[in-house]
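As structure tokens, the structure follows; a few thoughts come after it.
The sequence lines fix the lettering, A, B, ..., with proteins before strands; numbering per chain opens at 1. Computed from a predicted model, the values in this text were never measured in an experiment.
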Amino acid sequence: MPWRSDPRPYHVWVSEIMLQQTQVATVLPYYRRWMESFPTVADLAAADESELMRHWEGLGYYRRVRSMHAAAKQIMSEHGGEFPLQYDQVLALPGVGRYTAGAVLSIAAGAKLPVLEGNTQRVYSRWIALRVPPTDRAANKLLWDVAARMLPRSGSGQFNQAAMELGALVCLPKNPKCDQCPVHHHCRAAELGLQAEIPGKIKRIAYEDRTEFALILSREARGATQYLARPLPDGGRWAGLWDFPRCTEAATESVDAAAGWLSQQLGTEVAAGVRLQTLRHAVTKFRISLHVHQAALSNAGVAADRTAPAPWQWVSLDQIRTLPLSVTGRKIAEFLAADDQSFLPLS
DNA sequence: AAGACGGGGAG
DNA sequence: CTCCCAGTCTT
């Protein structure tokens, strides 16, 4: 892992934020690109948010990148641009919780601090044959305690990484490779033959099927086709990313309802047109069928000369493609780009 | 204590 | 399909 070769606090911090709820293999290309563009805390602090989001596009949990940006500014103003090495100060950085603070300081500074995340939760649950789900309040406290008592006199960073890697490669959620485990003789669950039952089931939020619509509005301006788009508002899904017109707040029953929603947004009547494509995707608890429709402003001649009401904007496809988009937004943009090339004469 | 927040890897 | 991922923050 690239952050292991030069484990400066900044490197480890960036890697740990990227690794939150994200597998190592997914993170690797993102980490490399990030370090090429933002090699220091100062570079990160000075960067445009949109540029950061563009680097994060596809990784998910976009609040992580905005928190990191804020944290970098905090490091510049409160710590003279030097990543803090005091636990309380690290924990005070936005987006840094107990896990990340412990990981950064143990790995980058040799601090004797425990970590507890998906892997070590499972490893230590089996280690002590913990029967209750690790997310249970008392169980979670106990596991943190085990993680702390496990730590060697020195080399906590290496130990923590080894414990996580044991979970990722050997002590698997299903069919753990106990025969290959270097410590299975000390494992209480293995001794009792309870590897399959531990850790206990974690309650999951039920999936919800949902239909949504994206409405593609275009106009000709300055010899190029422009599309209506907007940055998504703070606090919700994909905050800070750009999107084609789409109601992300609630399910939409029909394309006409979607057009009605957009009409309200714009203060101009919108008519839905033909379906261009349908994308299936899952986001948090929703499994979404996203129908992408052509749409038009009912009084296109008037509206075409006006600027769209904020936050909506008319943007050329080339511009859109430089902006940070959700994965579905990116798919729609690529679809339109291909469509643009093959059917240019039609519109 | 529970829910929101993304997207993909792996079986 | 389902489960899970080097979690954090807000109700």
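If you take CH2 of W56(A) and C1' of dC5(B), they are 13 Å apart, rounded to a whole angstrom. Distance, L19(A) CG to dG8(B) C1': 14 Å, rounded to whole Å. Per the geometry, CG belonging to L59(A) stands 11 Å off P belonging to dG9(B), to the nearest Å. The CD-C1' distance, from Q23(A) to dA6(C), rounds to 11 Å in whole Å. One interatomic measurement links the two molecules: CZ of R122(A) to C1' of dA6(C), which rounds to 11 Å at whole-angstrom precision. Rounded to whole Å, the distance from OH on Y62(A) to C1' on dT8(C) is 17 Å. Nucleotide dG7(C) holds its P atom 11 Å from the CD1 atom of I17(A), rounded to whole Å. Rounded to whole Å, the distance from CD1 on I107(A) to C1' on dA6(C) is 8 Å.
Residues meeting the ring pair (Phe, Tyr, Trp, His ring centres under 6.0 Å) test with W242(A), sequence neighbours left out: none.
Relative ring orientation between H11(A) and Y31(A) is described as perpendicular, the plane-to-plane angle rising above 60° on a 0-90° scale split at 30° and 60°. Using the six-membered ring where Trp is involved, F83(A) and W13(A) have ring planes that are tilted, between 30° and 60° apart. Between Y227(A) and F244(A), the two ring planes are perpendicular [angle over 60°; tilted spans 30° to 60°].
For A239(A) and A25(A), each mapped to the nucleotide of DNA chain B holding its nearest heavy atom, the one lying further toward the 5' end belongs to A239(A). Annotation: of the two residues near DNA chain C, P94(A) and E165(A), the 5′-most nearest-nucleotide partner is E165(A). Ranked by how close their nearest DNA chain C nucleotide is to the 5' end, G118(A) and R204(A) are led by R204(A).
Cation-pi geometry between R33(A) and Y30(A) is met: the NZ or CZ atom falls under 6.0 Å from the ring centre, inside 45° of the normal.
Comparing atom distances between the V283(A) side chain and each of dG7(B), dA6(C), dC4(C) picks out dG7(B) as nearest. Here dA4(B) is the nucleotide among dA4(B), dG8(B), dA6(C) with the atom lying nearest to any side-chain atom of I205(A). Taking only side-chain atoms of T284(A), from C-beta outward, the nucleotide of dT8(C), dG7(B), dC5(B) with the closest atom is dC5(B). Nearest to the side chain of K174(A), among dC4(C), dC3(C), dA4(B), sits dC3(C). Candidate nucleotides dG7(B), dG9(B), dA4(B) were compared by shortest atom distance to the side chain of S326(A), and dG7(B) ranks first.
No contact: R330(A) has no heavy atom under 4.0 Å from any strand. Residue V27(A) is out of contact with every strand shown, counting any heavy-atom pair closer than 4.0 Å. Across all strands, M68(A) comes closer than 4.0 Å to no nucleic acid atom at all (heavy-atom distances). Within 4.0 Å (heavy atoms only), K285(A) reaches sugar-phosphate atoms of the nucleic acid but no base atom.
An OP1 or OP2 oxygen of dT2(C) is reached within less than 4.0 angstrom by a side-chain nitrogen or oxygen of R287(A). Using a 4.0 Å cut-off, no side-chain N or O of Q21(A) falls inside it from OP1 or OP2 of dC5(C). For the OP1/OP2 pair of dA6(C) and a distance below 4.0 Å, the side-chain nitrogens and oxygens of W3(A) include no atom meeting the criterion. Note on Y61(A): every side-chain N or O is 4.0 Å or more away from OP1 and OP2 of dA4(B). A sub-4.0 Å separation between OP1 or OP2 of dA4(B) and a side-chain N or O of R63(A) is absent. A sub-4.0 Å separation between OP1 or OP2 of dT8(C) and a side-chain N or O of T100(A) is present.
Salt-bridge formation is not detected for the pair E334(A)/K331(A): no Lys NZ or Arg NE/NH1/NH2 atom is positioned less than 4.0 Å from an Asp or Glu carboxylate oxygen.
dG11(B) sits 14 Å from dA6(C) when the P atoms are compared, rounded to a whole Å. dG6(B) and dC3(C) have their C1' atoms separated by 16 Å, with the value rounded to a whole Å.
You won't find any donor-acceptor pair under 3.5 Å spanning the side chain of R98(A) and the base of dT8(C), going by distance alone. For dG6(B), the base has a donor-acceptor partner in the side chain of T22(A) [N/O atoms by modelled type, under 3.5 angstrom].
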Give every donor-acceptor pair under 3.5 Å between a side-chain atom in residues 154-175 of chain A and any protein atom, sequence neighbours left out.
| from | atom 1 | to | atom 2 | distance (Å) |
| --- | --- | --- | --- | --- |
| N160(A) | ND2 | S106(A) | OG | 3.1 |
| N160(A) | ND2 | L113(A) | O | 2.9 |
| N160(A) | ND2 | S156(A) | O | 3.3 |
| Q161(A) | OE1 | R4(A) | NE | 2.8 |
| Q161(A) | NE2 | G157(A) | O | 3.4 |
| E165(A) | OE1 | R4(A) | NH1 | 3.3 |
| E165(A) | OE1 | R4(A) | NH2 | 2.7 |

